[in-house]
Amino acid sequence: MPEGPSIIIAKEDIAGFAGKKVIDASGLAKIDFDRLENKVITDIRSWGKHLLICFDDFTIRIHFMLFGSYLINERKATNTNPSLRLTFDDSELNFHTSSVKLLEGDIDTHYAWDEDIMNDAWDAEKAVEKLKKVPDKLVCDALLEQDIFAGVGNIIKNEVLYRVRIHPESKVGKLSKAKTHELIEEARNYSFDFLKWKKAGVLKKNWLAHTKKICKRCDLPIIKEYTGVKKRRSFYCTNCQVLHS
DNA sequence: GATAATGTTAGCAT
DNA sequence: AATGCTAACATTAT
């Protein structure tokens with residue numbers, strides 16, 4: 001579930017619930033469920049990896065973490081309790097293994113939409129400026145910063161770095177201006193390929209680096225290593241990807 | 001059946 | 001006080 005493009009799919013899947021009134025709300029999440037009852041959903045939105053169910057004066061923020069899932073008019077066969085269940089007069093929404101929070105007031109005060117890699121308002125220049133402030137940060141960590149690239153996750157990270165031929169342990173400040181722009185451009189571009197391929201059920205088939213053993217470009221082994229302060233899996237080719245240090 | 005994985009944060013230690 | 005690291009959480013495919 002977790003990366004930005006998957007959240008777009010979730011948003012589209014539940015878009016039809018806008019306008020519906022919550023009859024009952026329950027679940028394992030530690031929120032005030034009473035608050036939701038008899039409230040009408042005004043909008044379904046997203047920011048990065050956050051799925052947002054908006055009401056007049058507050059918003060439910062759902063984060064799927066690593067294992068989250070949602071079911072529409074369906075319940076888990078395992079009979080496990082959802083983090084959140086929203087009941088409507090003719091339908092039901094179940095969110096499992098999710099972090100659920102209520103955000104008070106106008107949702108625009110909580111999010112800068114131009115930080116979301118999937119949003120029409122995405123502002124590449126803003127990302128450039130933020131990267132300038134962290135020259136010593138490794139590229140593999142920078143791409144995962146939700147403050148800079150909201151929605152980018154580990155798969156996107158690996159595929160983007162492979163595509164633009166940058167070694168994950170390169171320092172942000174060592175990239176040329178052109179290379180920095182290329183990186184940012186591709187972060188967004190691949191995210192939309194991810195969306196397209198996930199919808200078509202061919203996401204994994206199109207991976208070039210992530211979980212791969214052999215580089216498709218040069219036939220040499222793909223290195224698997226936990227990199228950066230975030231210590232997330234990186235898959236890269238030392239022959240094709242340049243270390244800027 | 002053990003292991004690792006698309007992620008984040010609370011809480012503890014320094 | 002601010003910063004940094006680890007443990008914790010929870011599910012599923014391999």
Side-chain angles (χ1 to χ4, degrees), chain A residues 1-13 26-31 46-52 60-71 74-85 94-103 110-111 115-118 133-134 136-163 168 186-213 222-236:
Chain A
M1 272 319 302
E3 300 191 40
S6 299
I7 305 306
I8 297 292
I9 294 171
K11 176 171 69 174
E12 292 174 357
D13 281 349
S26 62
L28 299 171
K30 293 181 179 11
I31 58 166
S46 66
W47 179 89
K49 299 167 187 172
H50 299 193
L51 178 63
L52 306 168
I60 306 174
R61 190 209 78 176
I62 294 164
H63 195 302
F64 292 108
M65 308 304 285
L66 259 185
F67 316 121
S69 60
Y70 61 98
L71 291 166
E74 199 182 336
R75 295 188 180 188
K76 282 229 153 185
T78 50
N79 222 23
T80 50
N81 291 319
S83 309
L84 174 66
R85 169 171 297 152
N94 290 301
F95 297 96
H96 286 265
T97 335
S98 301
S99 161
V100 180
K101 282 185 178 164
L102 297 189
L103 305 178
H110 288 91
Y111 293 104
E115 293 173 352
D116 176 5
I117 197 87
M118 301 303 293
K133 291 177 183 164
V134 289
D136 292 331
K137 196 184 278 281
L138 300 188
V139 175
C140 58
D141 285 326
L143 273 175
L144 293 173
E145 289 299 346
Q146 300 303 295
D147 291 346
I148 306 176
F149 299 99
V152 170
N154 207 38
I155 296 172
I156 295 175
K157 176 196 85 179
N158 284 322
E159 291 299 300
V160 167
L161 291 177
Y162 182 83
R163 281 179 165 204
E186 196 54 35
R188 180 166 159 90
N189 185 45
Y190 175 74
S191 294
F192 282 92
D193 280 342
F194 184 122
L195 175 62
K196 177 181 69 189
W197 287 328
K198 174 118 189 174
K199 281 180 173 177
V202 293
L203 180 65
K204 287 188 187 185
K205 205 177 86 181
N206 283 287
W207 285 345
L208 298 175
H210 196 254
T211 71
K212 296 297 168 186
K213 301 253 193 272
I222 290 275
I223 306 298
K224 173 190 166 183
E225 192 188 1
Y226 291 82
T227 62
V229 298
K230 293 184 185 294
K231 296 185 173 61
R232 301 295 304 278
R233 286 199 300 180
S234 284
F235 294 88
Y236 60 97

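These numbers come from a predicted model, not from an experiment. Proteins come first, then strands; the chains are lettered A, B, ... in the order of their sequence lines, and each starts at number 1.
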Contact nearer the 5' end of DNA chain C, comparing A:Val229 with A:Lys204: A:Val229
Watson-Crick and G-U pairing of DNA chain C, under 3.5 Å, as dot-bracket with | and [ ]: .||||||||.||||
Rounded distance (Å) that lies between atom C1' of C:dT12 and atom CE of A:Met65: 16 Å
N or O in side chain of A:His210 less than 4.0 angstrom from B:dT6 OP1/OP2: yes
Phosphate contact (B:dG7 OP1 or OP2) by A:Lys49 side-chain N/O below 4.0 Å: yes
Side-chain N,O (A:Arg233) to OP1/OP2 (B:dT6) below 4.0 Å: yes
Sugar-phosphate only, base, or nothing, as touched by A:Lys157 at under 4.0 Å among non-hydrogen atoms: nothing
Protein-nucleotide distance (A:Tyr226, atom OH; B:dA5, atom P), rounded to Å: 3 Å
salt_bridge(A:Lys231, A:Glu225) N-O dist < 4.0 Å: no
Distance in angstrom units between A:Ile7 CD1 and B:dT8 C1', rounded: 13 Å
Side-chain H-bond candidate by donor/acceptor type, A:Arg61 with A:Ser99, under 3.5 Å: yes
C1' spacing across the pair C:dC5 / B:dT6, given as an integer number of angstrom: 23 Å
Interatomic distance where CZ belongs to A:Arg232 and C1' belongs to B:dT9 [whole Å]: 14 Å
Pair A:Ser6-A:Lys49, side-chain donor/acceptor within less than 3.5 Å: no
Separation of B:dT9 C1' from A:Lys101 NZ (nearest whole Å): 8 Å
Contact check, side chains of A:Tyr70 and A:His96, non-hydrogen atoms, under 4.5 Å: no
Which residue lies more 5' along DNA chain C, comparing A:Thr97 with A:Lys231 via nearest heavy atoms: A:Lys231
First encountered from the 5' end of DNA chain B, between A:Ser6 and A:Arg61: A:Ser6
Touch class at under 4.0 angstrom, heavy-atom based, for A:Lys230 against every strand present: nothing
Distance-only polar pair, side chains of A:Ser98 and A:Ser83, donor-acceptor under 3.5 Å: no
Between B:dT6 (C1') and A:Phe64 (CZ): distance, integer Å: 13 Å
Distance, rounded to the nearest Å, where A:Trp47 contributes CH2 and B:dG7 contributes C1': 13 Å
Derivation and outcome, side chain to side chain contact (heavy atoms under 4.5 Å, CB included), residues A:Arg85 and A:Arg75: CA-CA 10 Å; A:Arg85 169 171 297 152; A:Arg75 295 188 180 188; 3.3 Å; yes
Whole-Å distance separating the CD atom of A:Gln146 from the P atom of B:dT6: 14 Å
Whether A:Tyr111 and A:Trp47 hold their rings parallel, tilted or perpendicular, with breakpoints at 30° and 60°: tilted
Pair A:Lys212 + A:Glu159: basic N to acidic O under 4.0 Å: no
Touch class at under 4.0 angstrom, heavy-atom based, for A:His96 against every strand present: nothing
Whole-Å P distance, C:dT12 and B:dT9: 22 Å
